[in-house]
Novice: 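Starting off with a structure, shown below.
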Amino acid sequence: MEYNFRDIEKKWQQKWIEEGVYKVPNDSSRPKYYVLDMFPYPSGAGLHVGHPLGYIASDIYARYKRLKGFNVLHPMGYDAFGLPAEQYAIEHGVHPAISTAKNISTFRGQLDKIGFCYDWSREVNTSDPKYYKWTQWIFLQLFKSWYNRKNNKTEHIDGLIKIFEEEGNINHPVPDAKFEIRNEKFEVLNGKFSADQWKTFDEKTKHDILMEYRVAYCGYGEVNWCEALGTVLANDEVVNGVSERGGHPVVKKKLRQWYLRITEYADRLLEGLQKVDFSDAMKEMQGNWIGKSSGAEIDFAIDGHNEKLRVYTTRPDTIFGVDFMVVAPEHELVEQITTSEHKQSVEDYIAYVKSRSERERMAEKKISGVFTGAYALNPFDSKKIPIWISEYVLAGYGTGAIMAVPSGDERDHKFARYFNLPITNILGDAYNGEEANPTKDAVLSNSGFLNGMVMRNAIDIVINKLEEMRIGVRKVNYKMRDAAFSRQRYWGEPFPIKWINGIAYPLDESELPLELPHVESYKPGPEGEGPLANIPEWTSQHFETNTMPGYAGSSWYFLRYMDAHNDKEFCDKKFSDYWNQVDLYVGGTEHAVGHLLYSRMWVKALFDLGLISFDEPYRKLLNQGMIQGSSRFVFRVRGTNQYVSFGLKDKYETDELHVDVNIVDGLELNIEEFKKWRNGEYADAEFILEGEKYICGVETEKMSKRYFNTVDPSDLCNKYGADTFRMYEMFLGPVEMSKPWDTKGIEGVHRFLKKLWRLFFDEVKGNLVKDEKATPEELKVLHRTIKKIEEDTERFSYNTAVSTFMVCVNELTDLKCHKKEVLEQLIILLTPYAPHVSEELWHQLGNASTILDASFPKLEGKYLVETTKEYPISINGKLRTTINIDLNAAQPHVEEIVLANPVVQKWLEGKQPKKIIFVKGKMVNVVV
RNA sequence: GCCCCGGUGGUGGAAUUGGUAGACACGCAGGACUUAAAAUCCUGUGACCCGCAACGGUCGUAACGGUUCAAGUCCGUUCCGGGGCACCA
């Protein structure tokens, strides 16, 4: 009987589904564990070998935890709304719902082949009205909420209305208005009103004011508009001035948009990182994105004007080194302060800045600017400071104006040099006259009352002084902006909002879901609106024509798995209390500042509103590496049909052509397959071989159909089996590591499984398994394996775990061990890694129930303790080093101690120790 | 430019806290079985030196220096690669 993986895998995949072995109950006496994969976007290209890497890693852990006695939630679903399906619809006229359904079934087929233990009864699909009903519902909760800075909580807007009725907004000023919400009355009042005034406002004004506070709000703002995609993009979807998807140019445009007030959560998002187990790199990325900095806002008097110039700085200690001021070209004071003689040049400069695209500005980064003719006054020594305009100061950050300290800031220094402005040295020797020194550790000079002080210590002193003089305040700033939450697109969740006379009315809960209507055309509507604006039945009901962005559905999906079919609530609190946080979340780093940040914010809002009981969604995050493609090339001699092997190509003038990796064995081209490739396009090819072989060129590239370097996991499953495929993916290297895919080597893992099989069955002799007592030596092998597999699995070191299995099987083969007692335990260990073959062997051993319900072997018995333990060693009383002591070989009696490490042993011999003394079981004293 | 991570045989990669570097696998070479092939099994495989041989010795984890009885691991400097951020005051 041989290892027939095809039959085995087919049989068990069917049985597992029939018997519902992966169905997980929502209550259990077992402790819970939640293992989650970042659900995929079902693209038309299907899965390649890169995708399952993380899925396999999480599947192993889920199965392992189940064996360990946990009730494990391990679901899967689809992030099905998004741009590509809509682009496909535009190009091919296929409705996104149809292409998405088709893609999902392809994905499902591929996933099923690999043998994952997903509880498919909990499958979610973000584009399913039954799902997005609740996305819309949560949106409404955010819409009906505001962020109370007094207690740092998301609260219902009714509470705010009550406050306004009682005291106006004196204690709750408008959050920093980053995006205009147009209301004249409100502007006249300068954003402040009393309770009495509130009561006199009409409905529209009240609505506009409340909009300034809502967590999900609508306003006019500069957005990243991508003409080619016909939509607005979030900051994290724009890379270097072009769209992340497709690389189309992106420009700033003012449009009516929905936003999430994520900036209010900035501090909590930052603090929350301390209590979750994310990699340092991930925490740093999120930290950078949030970009917290603390410093002060300082008002500078402007010579000859009543207005003050307010700047933000993190370095108030350098205030005596301010040689000029710079304001952003869009700064509101520009017009007022510009003197008549500089008017023309300022206007020219602003026109120049406007003419430059975001992209040009980023790419060139050249020094430019213009003097306004106005002067600010240093509050401490009344020095006249010229005010300049330059695009290197951003209108959207801080106050849009800075105090420039050329001796301490590189950009200011370059600017000063370029325009020949004087540079005041406040750093003494620490400034070399050539380049700025941003240190905080220099001693201040030329700095009035700060002279002689270390800069670091001067910061607080200056801020206190400024506050005393009432011209400055301590201030914290964030780089993060509120998140744009609307897309001018069709294939997304409709907003459950009706616009009547400029007022946004939320739909009633009973009206949800607001289903996406059917459209014939996906063309944009008038004035940059989405396709929904073209549908009379939609607009006549005054529905919002934007749709939600891709991250809406993915911000809360992990909660829906807990209670996937509930049509009364998004998730019964009873169940979210039970399943609680995701214990292990597996996915790529590409979602560092998008999805992960948004879902963390949603969870904080839901927590504040009392809808769930935890405020961080993911307890531990495991980032799998990217699998790159390994492309193969053939070299065609130019103008001929001859193909020359890699080693000889330099003798000819050749063109490099991608060739399908799947018809190349390692580096050697399969010539027969090549001739058949692409319907015989190369049938007449001739070859110039080296040593009777055709060797291909290699390069690492992104895995993509057009490079012919994709490898379909289903093909590998068909050829070697899912168990081999799973183990091989893990064997490639650490899960976190990125690496090019290489199928070479999969044979080794396959060989291992065949060898394992031969411990149970022999082609001639049949069943080899004996129900005999294992020898100490055999148990030693087993116990060592149990220990190692447990350790390796716990720390996600799956590649070494696979090696451990190989060593174990090799050793058992050498020992000719076919004992049931040993083999049974071994295959339980193997289940998470190779579930099909383990299940089959488990049944061959006479077990009736599934191996999934077995328990992970516990280490018992004396053979287990083969460990050497390390103890500190002191020589003549002084702590010198550590030594390993074999606990099996010796009980705590000095004379019997065996030094496991020969190096130390040798060294001790050289020293001729007179005595080795054991002290308190902790420390070994050696008297030399 | 700034921040993070890494650099180990022909290759992918092991080496949990400093303790016999190179586990395991691929590849390669040789052998066994076979009419042959496939499959399977065995042996060798970092470099160099000595020797008929078992064996022994020296060097070796990007480079140099340091700490230590002991360094791939810790510290310093340099070089190279990968990732992230990038006018954020």
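Letters A, B, ... mirror the listed sequences (proteins, then strands); counts begin at 1.
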Novice: Would you classify A:Leu394 as touching base, sugar-phosphate or nothing, given that sugar-phosphate means primed atoms plus P, OP1 and OP2, and contacts are heavy atoms under 4.0 Å?
Specialist: base

Novice: Would you please name every residue forming a salt bridge (charged side-chain N to carboxylate O under 4.0 Å, His left out) with A:Glu330, sequence neighbours left out?
Specialist: none

Novice: Taking the C1' atom in each of B:rA37 and B:rA47, what is the distance between them to the nearest angstrom?
Specialist: 38 Å

Novice: Hey, which sits more toward the 5' end of RNA chain B by its nearest nucleotide, A:Gly291 or A:Lys754?
Specialist: A:Lys754

Novice: Rounded to whole angstrom, note down the C1' distance from B:rC85 over to B:rU8.
Specialist: 31 Å

Novice: Name all residues meeting the salt bridge (charged side-chain N to carboxylate O under 4.0 Å, His left out) criterion together with A:Glu791; count only those two or more places apart in sequence or in a different chain, and write none if there are none.
Specialist: A:Lys787

Novice: Say you draw a straight line from OG1 of A:Thr724 to CZ of A:Arg751; how long is it, rounded to the nearest 0.5 Å?
Specialist: 11.5 Å

Novice: Can you tell me how far P in B:rA63 sits from the matching atom in B:rG7, rounded to whole Å?
Specialist: 13 Å

Novice: Between B:rU11 and B:rC64, how many Å separate the two C1' atoms, rounded to a whole number?
Specialist: 29 Å

Novice: Can you tell which of B:rC87, B:rC4, B:rG13 lies closest to the side chain of A:Pro734?
Specialist: B:rG13

Novice: Could you walk me through whether A:Tyr349 and A:Ser368 satisfy the side-chain hydrogen bond (donor to acceptor under 3.5 Å, both in side chains) test, starting with their C-alpha distance in whole Å, then the side-chain angles of each, then the deciding distance to 0.1 Å, before giving a yes or no?
Specialist: CA-CA 9 Å; A:Tyr349 182 68; A:Ser368 70; 2.7 Å; yes

Novice: If the glycosidic angle sits within 90 degrees of zero it is syn, else anti. Tell me which applies to B:rG9.
Specialist: syn

Novice: Taking atom C1' of B:rG12 as reference, at what distance in whole Å does atom CH2 of A:Trp741 sit?
Specialist: 12 Å

Novice: With A:Asp762, which residues qualify under salt bridge (charged side-chain N to carboxylate O under 4.0 Å, His left out), at least two apart?
Specialist: none

Novice: For nucleotides 22-29 of chain B, read 5' to 3', which letter fits each nucleotide if B means a protein heavy atom sits under 4.0 Å from the base, S means only the sugar-phosphate is that close, and - means neither?
Specialist: -BBSS---

Novice: Considering only NZ, NE, NH1 and NH2 on the basic side and carboxylate oxygens on the acidic side, decide whether A:Asp317 and A:Arg456 come within less than 4.0 Å.
Specialist: no

Novice: Take atom P in B:rG72 and the same atom in B:rG18, then report the distance between them in whole Å.
Specialist: 13 Å

Novice: What residues, two or more places apart in sequence or in another chain, satisfy salt bridge (charged side-chain N to carboxylate O under 4.0 Å, His left out) together with A:Lys292?
Specialist: A:Asp267

Novice: Using the ring of each side chain (for Trp, its six-membered ring), is A:Phe415 parallel, tilted or perpendicular to A:Tyr392, with breaks at 30° and 60°?
Specialist: tilted

Novice: Atom CG of A:Asp762 and atom P of B:rU40: how far apart are they, to the nearest Å?
Specialist: 14 Å

Novice: Looking for any heavy atom pair under 4.0 Å, which part of the strands does A:Val393 touch: base, sugar-phosphate only, or nothing?
Specialist: base

Novice: Using the C1' atom on both, measure B:rG9 against B:rU61 and round to a whole Å.
Specialist: 10 Å

Novice: Which of the following nucleotides, B:rU16, B:rC3, B:rG13, is nearest to the side chain of A:Lys788?
Specialist: B:rU16

Novice: So what does A:Met737 touch, heavy atoms closer than 4.0 Å: a base, only the sugar-phosphate, or nothing?
Specialist: sugar-phosphate

Novice: When the P atoms of B:rG30 and B:rU20 are compared, how many Å lie between them, rounded to an integer?
Specialist: 35 Å

Novice: Base, sugar-phosphate or nothing for A:Ser738? Non-hydrogen atoms, less than 4.0 Å.
Specialist: nothing

Novice: Using the side-chain heavy atoms of A:Asn288, tell me which of these nucleotides is nearest: B:rA89, B:rC85, B:rU16.
Specialist: B:rC85

Novice: Over 60° means perpendicular and under 30° means parallel, so classify the ring planes of A:Tyr720 and A:His750, tilted if in between.
Specialist: perpendicular

Novice: Relative to the ring of A:Phe752, is the ring of A:Phe805 parallel (under 30°), tilted (30 to 60°) or perpendicular (over 60°)?
Specialist: tilted

Novice: How does RNA chain B look in dot-bracket notation if pairs are Watson-Crick or G-U with both distances under 3.5 Å, crossing ones as [ ], other-strand ones as |?
Specialist: (((((((..(((......[....)))((((((.......))))))((((......))))..(((((..]....))))))))))))....

Novice: Measuring only the P atom in each nucleotide, how far is B:rG56 from B:rG44? A whole number of Å is fine.
Specialist: 15 Å

Novice: With a 4.0 Å limit, can you tell me whether A:Tyr397 has a side-chain N or O closer than that to the phosphate oxygens OP1/OP2 of B:rA89?
Specialist: yes

